[in-house]
Amino acid sequence: MRLRFHSTLALTLLGAASPLPAQRPRPHVHLVATGGTIASTNYYSGQSGKIGVEALLEAVPALDTVATITAQQFANVASTSITPAMWLALSRGIADTLRAHPDLAGVVVTHGTDTLEETAYFLDLTVADPRPVVVTGAMRPSDGVGIDGPANLLAAVRIAASPASRGRGTMVVLNDEIMAARDATKLNTVRPDAFAAPYRGDLGVADPERVVFHREPHRAPTFDLAGVSELPRVDVVYAYVGADGAAVDAFVAAGAKGLVVAGAGRGGTPSAMRQAIDRAMANGVVVVDGSRVGSGSVPVGEGVSRRGSGPAMVGTGDLNVQHARVLLMLALTKTTDAREVARMFAEHQ
Ligand code: ASP
């Protein structure tokens, strides 16, 4: 899964830049396409990956006025087929591309919306370059009515090209709304305004005439992937009335090194489930307690029991369960000590 410049396309688009010699050179933006509904032709067939990256670009002629674009087809799959191994390759590929091309203003990634927030946060936590990575997708297929893909792609390229985007990490952009990757989540299964940052709010907006930022994102040190050949297994367990320890025990038996609890309210779990969590922690599994509510916070804590005698659950802070899982996977590449994981979660609040 090597990342390569799509040289034919790059040449085509660079060639198209020449007619007005007095024009200022346009910023260089690199597009990485991974699939999703933005690259699908028929929503009801449920098939992502019908449209290649060249067709994605051809559908938005206005891109040519915004940036010189190079592009690559990283994958063309539904976002539920994205794997942790692909995250490693995608992040490393983007970092390599940025390093090899100092002229690049930023990178745009197109992605299925179902797991977009997970991939975006992984990139946010692992790409150290100050140039922006902007992740976008679409809720409607490319041959639908009132489609959102072209508008989202144009907005994403404008944001990636904007000098104001530097130092803001990975951002999620749909419906002209700019969200920090750590804050963005999908809240609706069908509508074009499906994404929001319910707890902290948007970073800004891609207005028709300019890209505007209203606030700074939270920034924390990124994780170095050097020497990481695979990500540790981390599973999510859901709390509900009558939930017992079966899922916890099964995930631990399957080799989970970490668990994230989608707890009731501010991280609550029924007692049978809680007993299984305590057994898991006693066996060295790091458990992070979060909420199934969708907005709000669970205190991070110290990762150590009140008497200081053993590990305790680490709270997610205001990260949602999907984001907390990504952070825990990366934290476990560095440590298995719950206190150290708590320190990292605190750092990312
Ligand atoms: N099933 C699609 C995906 O995530 C949904 C979308 O892109 O909106 O790949």
Side-chain angles (χ1 to χ4, degrees), residues 1 31-60 63 71-91 93-94 107-124 133-157 159-160 170-179 181-198 202 206 236 262 294 320-323 325-326 329:
M1 218 168 333
L31 172 64
V32 184
T34 73
T37 292
I38 195 168
S40 78
T41 49
N42 184 345
Y43 179 82
Y44 296 102
S45 74
Q47 286 181 331
S48 296
K50 289 288 182 185
I51 298 288
V53 67
E54 298 195 24
L56 276 184
L57 290 169
E58 277 160 18
V60 196
L63 286 171
Q72 68 180 100
Q73 192 78 56
F74 174 81
N76 211 348
V77 296
S79 69
T80 44
S81 296
I82 297 286
T83 63
M86 289 163 90
W87 283 348
L88 289 172
L90 183 63
S91 175
I94 289 171
V107 173
V108 169
V109 177
T110 54
H111 197 286
T113 62
D114 291 347
T115 67
L116 185 151
E117 68 203 70
E118 297 172 54
T119 299
Y121 193 41
F122 185 82
L123 296 176
D124 190 46
V133 177
V134 184
V135 188
T136 193
M139 295 299 292
R140 293 177 176 159
S142 65
D143 58 352
V145 174
I147 59 175
D148 54 337
N152 288 343
L153 182 57
L154 181 59
V157 170
I159 294 157
T170 298
M171 291 171 273
V172 170
V173 175
L174 283 96
N175 204 35
D176 294 340
E177 294 165 287
I178 309 172
M179 292 154 267
R182 79 174 297 289
D183 305 330
T185 190
K186 187 174 182 179
L187 289 178
N188 189 281
T189 57
V190 283
R191 286 191 344 213
D193 65 346
F195 279 77
D202 291 352
V236 175
N320 72 16
V321 165
Q322 300 87 287
H323 289 144
R325 174 176 174 264
V326 175
M329 288 165 97

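Note that ligands are numbered from 1 as they come in the structure, with each ligand's atoms numbered from 1 the same way.
Between Leu56 and Thr110 there is a side-chain heavy-atom pair separated by less than 4.5 Å. Counting heavy atoms from C-beta outward, Asp202 and Ile178 have side chains that stay 4.5 Å or more apart.
Looking only at atom types and distance, the side chain of Glu118 has no donor-acceptor partner in the side chain of Gln322 under 3.5 Å away. With no hydrogens or angles considered, no side-chain donor-acceptor pair links Ser79 and His111 at under 3.5 Å.
Contact annotation: Ala138 has at least one heavy atom less than 4.0 Å from an atom of ligand 1.
In this structure, Trp87 and Phe122 have parallel ring planes: the angle between them is below the 30° cut-off, well short of the 60° mark.
Those atoms of ligand 1 with a heavy atom of Ala78 less than 4.0 angstrom away are 9 (O). Residue contact check: Gly36 has heavy atoms under 4.0 Å from atoms 7 (O), 9 (O) of ligand 1.
Looking at ligand 1, you'll find an N or O of Thr37 within less than 3.5 Å of one of its N or O atoms. Residue-to-ligand polar distances keep Thr80 apart from ligand 1: every N/O pair is separated by 3.5 Å or more. Distances between N or O atoms of Val77 and those of ligand 1 include no value under 3.5 Å. By the 3.5 Å distance cut-off applied to N or O atoms, Ser79 is counted among the residues near ligand 1. Not one N or O of Lys186 is nearer than 3.5 Å to an N or O of ligand 1, by distance alone.
By the 4.0 Å N-to-carboxylate-O rule, Asp114 lies close enough to Lys186 to be salt-bridged with it.
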